[in-house]
Amino acid sequence: MVVAKRSFAFFMFRLVVYFLAVEKIFKDEASEEKGERARMASFVGAMAIADLVKTTLGPKGMDKILQSTGRGRAVTVTNDGATILKSLHIDNPAAKVLVDISKVQDDEVGDGTTSVVVLAGELLREAEKLVASKIHPMTIISGFRMAAECARNALLQKVVDNGADSEKFKSDLMKIARTTLSSKILSQDKEHFAKLAVDAVMRLKGSTNLESIQIIKKPGGSLKDSFLDEGFILDKKIGIGQPKRIENAKILVANTAMDTDKVKIYGARVRVDSMSRVAEIEGAEKEKMREKVQKIIAHGINCFVNRQLIYNFPEELFADAGILAIEHADFDGIERLALVTGGEIASTFDNPESVKLGHCKLIEEIMIGEDKLIHFSGVEMGQACTIVLRGASHHVLDEAERSLHDALCVLSQTVNDSRVLLGGGWPEMVMAKEVDELARKTPGKKSHAIEAFSRALLAIPTIIADNAGLDSAELIAQLRAEHHKEGCTAGIDVLSGSVGDMAELGISEAFKVKQAVLLSATEAAEMILRVDEIITCAPRRREDRM
């Protein structure tokens with residue numbers, strides 16, 4: 001009996017020592033949350049992020065104003081999910097996972113940034129109820145995976161591919177562009193901008209490199225005044241005394257200092273005994289500059305574009321030689337100019353044969369609004385074009401650029417993968433129906449998770465209807481009934497406020513976007529579900545330096 005008491009006391013002592021040791025693993029200010037509390041913190045953070053952006057979903061979604069706290073208090077007005085989320089400073093680790101998936105969705109396919117976050121949030125909302133009813137997270141994850149695979153297969157059976165018929169494919173692209181733009185600021189002029197976007201993407205001839213499509217924003221006029229221009233426009237003026245028009249241009253694109261016609265010897269003192277000595281030093285500097293300009297002229301060019309400033313003396317030398325010199329072109333500008341004219345950016349000029357020049361048929365000065373710009377037409381890369389956006393203010397133009405960029409990304413991806421689906425909540429209804437059937441066939445607790453996945457999918461058309469001020473419960477009930485008919489094409493028509501035929505209305509979406517939304521949201525929800533402990537590190541202290 002005594003031995004048993006001793007061994008029990010020793011065991012309790014070991015247990016206390018163990019817990020004290022565990023407590024001291026982390027620094028004083030570090031914290032950890034375990035089990036239920038950690039899971040709840042993850043769920044709440046993710047759902048809060050989803051609730052934040054879900055009012056921006058759909059054609060009648062609202063915008064958010066983002067105001068920075070920095071100098072100037074810059075204001076952004078947008079309904080683009082990725083732009084809203086990357087502007088937020090978030091402390092919750094699960095919320096950061098959702099911010100990341102919206103960013104990846106933006107980089108990968110350009111659109112669906114709000115949908116992916118909302119779907120992930122709804123999956124976690126459903127998972128929270130299942131965890132509360134004592135279903136293990138791993139069972140839920142397994143069910144979600146089966147449901148996601150089933151939903152993807154349901155979409156694959158319904159896709160339409162008109163890639164072989166150019167007329168039908170162009171019509172599909174127009175429908176996708178209109179659908180993408182209908183939830184943006186450009187929705188009032190979506191016909192005009194859809195045509196701009198499709199024309200620009202068709203010029204790429206299957207490439208997904210959007211570098212050759214340049215977007216220039218010029219305040220003034222209305223959004224309807226925006227236009228597509230062939231070739232390349234550089235947002236710079238031609239200098240005084242320079243030729244205003246050059247045909248069959250040979251262009252040298254450079255990034256080099258052209259300001260050494262001054263004494264620039266920093267950190268040194270030069271003692272001279274007369275002003276003539278200063279003149280000699282300046283003369284030597286000028287001679288160096290003259291030699292450099294001669295080397296550049298020796299390339300046989302008639303246009304010189306430089307990333308850095310060109311000072312008065314070299315500009316005079318270029319003007320005397322009949323060469324158009326353009327200074328201080330922004331780096332994006334000269335990189336794109338080099339790309340579309342077939343040249344390369346040079347910084348040394350000793351070997352003319354190793355420098356690749358750009359070519360174009362005509363360089364001339366044009367006016368857009370009240371600004372003068374330089375237009376390069378007939379460039380080597382025939383698919384290059386410039387979209388000039390006009391609008392009331394910089395805020396409108398910035399949002400218009402984001403909207404147009406989304407449309408261009410989706411269209412360029414669709415040119416590569418020409419599979420198309422109907423829109424307006426139709427894909428979610430198709431997926432939900434198939435997932436429901438799978439739940440009925442699946443035995444065990446997994447069926448609850450699969451059913452929950454179906455409910456999360458139905459949240460997307462529900463939110464689209466709610467944001468349009470419609471009776472979502474009535475509409476979803478009607479849609480469910482419609483989708484039990486064979487070959488149904490019904491979705492939510494937010495303009496008439498009823499169930500409409502998506503094929504007749506021409507509301508289409510790219511399969512690639514829908515697939516990315518489905519798989520990314522499922523993976524993000526699975527990742528957050530796996531969490532059972534959150535460890536917050538102690539902040540690193542600054543060492544006191546003497």
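Start at 1 with the first residue, then count along the sequence. Side chains included, hydrogens not; waters and symmetry mates left out as well; all remaining heavy atoms used.
- Of the N and O atoms on the side chains of Asp466 and Ser472, at least one donor lies less than 3.5 Å from an acceptor on the other residue.
- Between the side chains of Asp493 and Ser496, at least one donor-acceptor pair of N or O atoms lies under 3.5 Å.
- Under the 3.5 Å distance criterion, with hydrogens and angles disregarded, no donor-acceptor pair is assigned to the side chains of Asp229 and Thr386.
- Across all their heavy atoms, Ala490 and His483 have their closest contact at O-NE2, 3.0 Å.
- Using cut-offs of 30° and 60° for the angle between ring planes, the Phe304 and Phe349 rings count as perpendicular.
- Using a cut-off of 4.0 Å between Lys/Arg side-chain N and Asp/Glu carboxylate O, Asp189 and Lys224 are scored as salt-bridged.
- Judged purely by distance below 3.5 Å, without hydrogens or angles, the side chains of Lys292 and Thr256 pair a donor atom with an acceptor atom.
- Asn306 and His328 are not linked by any side-chain donor-acceptor pair at a separation below 3.5 angstrom, with hydrogens and angles left out of the test.
- Using modelled atom types and a 3.5 Å distance limit, the side chains of Glu509 and Thr179 yield no donor-acceptor pair.
- With hydrogens and angles left out, the side-chain atoms of Lys190 and Thr180 include no donor and acceptor closer than 3.5 Å.
- Between the side chains of Asp501 and Thr489, at least one donor-acceptor pair of N or O atoms lies under 3.5 Å.
- Annotation for Lys64: atom NZ counts as buried by contact number, over 12 foreign heavy atoms lying within 6.0 Å.
- No hydrogens or angles considered: nothing links the side chains of Glu482 and Gln478 as a donor-acceptor pair under 3.5 Å.
- Minimum heavy-atom separation, Ala95 to Ile49: CB-CG1, 3.3 Å.
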